[in-house]
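Single-structure report; data block below.
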There are 2 protein chains.
Amino acid sequence: MAMSISELARGAGVGVETVRYYQRRGLLEDPRPQKTGAGGIRHYGPDEARRLRFIRSAQDAGFTLEEIGELLRLDSSDDRPRAREMARTRIAALDQQISRLRAARQSLAKLAKECAGGVDGPCPIIASFEGVG
Amino acid sequence: MAMSISELARGAGVGVETVRYYQRRGLLEDPRPQKTGAGGIRHYGPDEARRLRFIRSAQDAGFTLEEIGELLRLDSSDDRPRAREMARTRIAALDQQISRLRAARQSLAKLAKECAGGVDGPCPIIASFEGVG
DNA sequence: CTTGACTCCGTACTATGGTACGGGACCTAT
DNA sequence: ATAGGTCCCGTACCATAGTACGGAGTCAAG
């Protein structure tokens with residue numbers, strides 16, 4: 001049940017240094033300040049593991065660590081409007097980004113196709129992107 | 001026909017400093033080395049403008065500036081296999097990224113919905129992402 | 001022929017998200 | 001009880017993609 005930092009890290013697919021970085025950023029709590037003075041080895045439970053996985057998911061969703069910090073704070077507060085707003089804002093950004101990536105994919109497909117077509121000579125890489133940006 | 005650096009930059013929606021940065025990186029040529037010694041004010045034509053727009057498009061497609069440099073070099077070489085390979089690799093990465101973003105969008109929609117549902121108390125932000133990463 | 005906008009150039013600084021390093025403490029198996 | 005593997009801690013460093021700054025040169029208009 002109680003994990004070491006390296007087990008915690010491995011469980012989320014990140015490095016130990018990354019976990020420690022998140023602690024420094026205040027995204028993960030450092031489970032120990034109340035202990036009797038001396039600095040000893042930390043132990044982590046499923047809560048920390050979930051929190052860490054959440055951080056990675058939220059990162060995949062495009063939130064910055066800064067925003068993730070806010071989300072984590074919201075998770076235990078009652079500010080629903082703020083949480084909804086953040087979600088909506090990010091969804092809009094995601095939709096935009098997804099369309100951009102789709103457009104980019106189109107251009108690349110075009111590039112690959114045109115490049116496969118001719119027999120020799122350079123393929124028109126720059127031209128393949130014309131009228132896209 | 002001949003533009004100043006700031007016109008070139010504006011035309012691509014970037015800053016002058018960014019153009020100069022790309023020149024330093026070797027992505028845009030510096031139109032002048034062969035001129036008679038003295039360093040004077042550069043003038044840019046439609047070629048440079050297209051090249052700059054390409055850089056932005058390729059960035060949207062997720063290529064790094066390093067990779068864009070390679071693409072630009074490929075554009076005037078005959079290495080079609082390499083160009084196709086880069087395109088295919090990037091398309092695969094884009095497809096992955098698009099799915100990830102879609103999944104993230106799902107989670108966020110869930111978060112927004114659950115957060116809108118209850119009347120008070122915190123909304124389960126972390127829980128909304130469970131089973132996503 | 002000066003003023004103000006723009007340019008050039010080099011260097012330094014920024015933000016983001018880590019990654020590495022070195023020394024000491026600690027824990028476990030032999 | 002000692003060797004090897006972890007852990008803790010602070011500090012430093014890294015890559016990417018710019019952005020800012022200061023001083024000097026240049027250019028067009030009034």
Side-chain angles (χ1 to χ4, degrees), chain A residues 2-45 48 52 54-72 90 93 97 100 133, chain B residues 2-45 48 52 54-72 90 93 97 100 133:
Chain A
M3 295 174 281
S4 70
I5 191 171
S6 62
E7 288 166 331
L8 176 67
R10 201 165 331 113
V14 304
V16 167
E17 295 300 327
T18 301
V19 172
R20 287 179 44 62
Y21 174 66
Y22 292 164
Q23 290 176 335
R24 264 178 275 151
R25 294 274 312 227
L27 302 178
L28 288 174
E29 277 174 70
D30 187 336
R32 204 247 353 229
Q34 55 275 70
K35 281 292 177 195
T36 37
I41 281 162
R42 277 88 161 152
H43 295 286
Y44 303 87
E48 280 83 12
L52 182 51
F54 165 75
I55 293 172
R56 303 308 287 196
S57 302
Q59 261 185 321
D60 278 347
F63 287 105
T64 64
L65 294 184
E66 182 75 26
E67 291 168 326
I68 291 169
E70 183 169 0
L71 285 173
L72 288 168
R90 191 95 278 281
Q97 201 183 344
R100 273 211 317 281
Chain B
M3 294 176 283
S4 70
I5 191 171
S6 60
E7 288 166 329
L8 175 67
R10 202 167 327 114
V14 304
V16 167
E17 296 300 327
T18 302
V19 171
R20 286 178 47 58
Y21 174 66
Y22 291 164
Q23 290 177 334
R24 264 177 274 150
R25 295 274 311 228
L27 302 179
L28 288 173
E29 276 173 71
D30 186 336
R32 205 243 356 226
Q34 56 275 70
K35 283 290 178 197
T36 37
I41 281 162
R42 278 89 161 152
H43 295 286
Y44 303 87
E48 280 83 10
L52 182 51
F54 165 74
I55 293 173
R56 302 308 287 197
S57 302
Q59 260 184 322
D60 279 347
F63 288 105
T64 63
L65 293 183
E66 182 74 27
E67 290 167 326
I68 291 170
E70 183 168 359
L71 285 173
L72 287 167
R90 191 96 276 281
Q97 201 182 343
R100 273 211 317 280

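All chains are named by letter (A, B, ...) in the order of the sequence lines, taking the proteins before the strands, and each is independently numbered beginning at 1.
D30(B) places its CG atom 11 Å from the C1' atom of dC9(C), with the value rounded to the nearest Å. Whole-Å rounding puts the L27(A) CG to dG18(C) C1' distance at 12 Å. Rounded to whole angstrom, the span from the CD atom of Q23(B) across to the C1' atom of dC9(C) amounts to 12 Å.
Of all heavy-atom pairs between Q23(B) and P31(B), the closest is NE2-CD, 4.4 Å. Closest of all the heavy-atom pairs between V19(B) and L8(B) is CG1-CD2, 4.0 Å. Taking both residues in full, the closest heavy atoms of L27(B) and L72(B) are given as O-CD1, 3.5 Å, listed atom of the first, atom of the second, then distance.
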Using a cut-off of 4.0 Å between protein heavy atoms and nucleotide atoms, how would you tag nucleotides 13-24 of chain D 5' to 3' with B, S and -?
-> ----BBBBB---
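The CZ atom of R25(B) sits 12.5 Å away from the OG1 atom of T18(B) when rounded to the nearest 0.5 Å. Annotation: the span from R42(A) atom CZ to D30(A) atom CG amounts to 4.0 Å, rounded to 0.5 Å.
Annotation: side chain of E48(B) is not in contact with side chain of L52(B) (no heavy-atom distance under 4.5 Å).
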List the steps and the verdict of side-chain contact (heavy atoms from CB on, under 4.5 Å) for R10(B) and M3(B).
-> CA-CA 10 Å; R10(B) 202 167 327 114; M3(B) 294 176 283; over 6 Å; no
For nucleotides 4-7 of chain D, print each protein N/O atom paired with a nucleotide N/O atom at under 3.5 Å, atom names and distance only.
from	atom 1	to	atom 2	distance (Å)
dC7(D)	OP1	S4(A)	OG	2.8
dC7(D)	OP1	S6(A)	OG	3.1
dC7(D)	OP2	S6(A)	OG	3.1

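For the pair R56(B) (side chain) and A12(B) (backbone), a donor-acceptor distance under 3.5 Å is absent.
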